[in-house]
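One structure is given here, and the rest of the page talks about it.
The sequence lines fix the lettering, A, B, ..., with proteins before strands; numbering per chain opens at 1.
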There are 2 protein chains.
Amino acid sequence: MSVSLALAAQHAPIAGLSPALWSQPAAPELQLAGTVLRSEADRALYVEGDEARCFYKVVSGVVRTCRYLSDGRRQIDGFYQPGDVFGIEAGPAHCLTAESVTDCTVIAYCRRSLETMMRDDNRLSQWFFSHAMTCMARVREHSLLWRHGRAAQKVAAFLLEMAERGESDPAVDLPMGRQDIADYLGLTVETVCRTLSHMAKEGMITLPSSRRVVLQDRATLRELNS
Amino acid sequence: MSVSLALAAQHAPIAGLSPALWSQPAAPELQLAGTVLRSEADRALYVEGDEARCFYKVVSGVVRTCRYLSDGRRQIDGFYQPGDVFGIEAGPAHCLTAESVTDCTVIAYCRRSLETMMRDDNRLSQWFFSHAMTCMARVREHSLLWRHGRAAQKVAAFLLEMAERGESDPAVDLPMGRQDIADYLGLTVETVCRTLSHMAKEGMITLPSSRRVVLQDRATLRELNS
DNA sequence: CGAATACTTGATGAGACTCAAGCGCCGTGG
DNA sequence: CCACGGCGCTTGAGTCTCATCAAGTATTCG
């Protein structure tokens, strides 16, 4: 089966990318052979250490990349939503585990095919470099935030990040549970809960249900960070 | 003045890179016009928001990239030592401030020249993509480590990272002060001091002087990160 | 309807931050 | 040469945040 890899729709983890500006190559047209895969919630798509033969694009549902520590704790690196691409590696192996958060559909692309196409098409190479630089800026951004942030800052940043997906809609549906959020932010479930409750009490958000958050005051949420 | 940009010597922040493996292009030969700049300690090389006309390679001394928050706090993103390249941006502007930690010499390269060369040379584009992916993996590694880490873990990781530079030499000279280390790890100076003192008391390290650390027991330091 | 699971809230303690004081090194000036 | 001051580093005491342990509530699914 051949499925078009719509490059223009690629995203960094969670939030939409601003257009790549480095040497401004337009997103090239690209036809890559892809295989559609479906998965139930909470299944591993690949495991840390697996040979990185494929990379993936999310069609529907949500995927997380994570790592399990020897003491059983879990660290979540990022969430991927429809349109996002994950699993492109620098080395020969996947350096994180990828798991479905919800039932989901992904397309698996052959890494080797992309490598071949990049060898023949300089614009494609440039575009991917540009894309990688943009992703890196975003990862660095996260790194700074997580390294220095208090719990309220982290949660606020997370909510704003999730909200970016839904345009200007103040209501955000969280596809993942509290444990996922906690492992992503480096907090405990309890702290995430308390922080959300506190924000609700302060009027920054409302919580119609546990998986649904309405951002009432983005300005205040943003202020928590910078 | 024309100075060769030795690509093979490029590093990610602080630690040496393993060779880039993605599609294994050899580091291409590259001649780029570069301007040698000298700076005293604690001077800004560029400021967040400046147009990103140049990127830089450290010849001697140490450079830090950082961000200042509205409340005056400072977050350090990374330290760059001789051979390291910094200031390559995805967008039109520098998204962090770069400052000299010590007296230092850097070479400034014209971004536009590199873009032109990449347009003509696909191998160069591929190499930079591969390099960017490798850097990103490293940044993500940091991000995961520090999101969840306790103070002792962070300090241990920092020391090991600095030690990687000096081969297997157990003595490490820290080019930066305690405040820099604290702002890098997201801790306070006091906590950094206390943690180092504690590690010394436990026999993991010795502190011949405040800027010099001897790693006596790397295994234990590594264990802290699990 | 009942059980399992996810979520929320409370009490307590460990670890890191803040404020404050003391130490040590180094450069300057008498 | 030493006295002085400044700055960076270290150590101490109290406070605050967040993790832990524990209990209780809500939701989902059989």
Grab the [atom1]-[atom2] distance between [X] and [N] for me, whole Å please.
X: B:K201; N: D:dT11; atom1: NZ; atom2: P; answer: 7 Å
X: B:D71; N: C:dT18; atom1: CG; atom2: C1'; answer: 14 Å
X: A:L185; N: D:dC18; atom1: CG; atom2: P; answer: 12 Å
X: B:R150; N: D:dC18; atom1: CZ; atom2: P; answer: 11 Å
X: B:H198; N: D:dT10; atom1: NE2; atom2: C1'; answer: 16 Å
X: A:L174; N: C:dA6; atom1: CG; atom2: P; answer: 16 Å
X: A:L187; N: D:dA19; atom1: CG; atom2: C1'; answer: 10 Å
X: A:D42; N: C:dA6; atom1: CG; atom2: C1'; answer: 13 Å

- Query: For B:R73 and A:S209, take the nucleotide of DNA chain C holding the closest heavy atom to each; which residue's nucleotide lies nearer the 5' end?
  - Reply: A:S209

- Is A:D77 close to A:R67 at the side-chain level, that is, under 4.5 Å between some pair of heavy atoms? no

Could you work out which one of [options] sits closest to the side chain of [X]?
X: A:R211; options: D:dA19, C:dC7, C:dA16; answer: C:dC7
X: B:E190; options: C:dT8, D:dC9, C:dT18; answer: C:dT18
X: B:S210; options: C:dA16, C:dT9, D:dC9; answer: D:dC9

By the 4.0 Å heavy-atom rule, please label [X] as base, sugar-phosphate, or nothing.
X: A:R194; value: base
X: A:L196; value: nothing
X: A:T188; value: base

- Task: Determine: side-chain N/O of A:R178 to OP1/OP2 of C:dT8, distance under 4.0 Å, yes or no.
- Result: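 So the side-chain polar atoms of A:R178 do come within 4.0 Å of the phosphate oxygens OP1 or OP2 of C:dT8, strictly under.
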
- For C:dT8, does OP1 or OP2 lie under 4.0 Å from any side-chain N or O of A:S197?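 Checking A:S197 against C:dT8: no side-chain N or O falls below 4.0 Å of OP1 or OP2.
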
- Message: Which label fits B:Y80 and B:F86: parallel for a plane angle under 30°, tilted from 30 to 60°, or perpendicular past 60°?
- Response: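 Aromatic pair B:Y80/B:F86 classed tilted.
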
- Query: Is the side chain of B:R211 donor-acceptor paired with the backbone N or O of B:P175 at a distance under 3.5 Å, no angle test?
  - Reply: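 Yes, B:R211 side chain to B:P175 backbone: donor-acceptor pair under 3.5 Å.
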
- Task: Show your reasoning for whether side-chain contact (heavy atoms from CB on, under 4.5 Å) applies to B:L196 and B:M204.
- Result: CA-CA 9 Å; B:L196 287 172; B:M204 293 181 234; over 6 Å; no

- Item | A:R53 atom CZ, over 12 foreign heavy atoms within 6.0 Å |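 12 or below, so no.
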
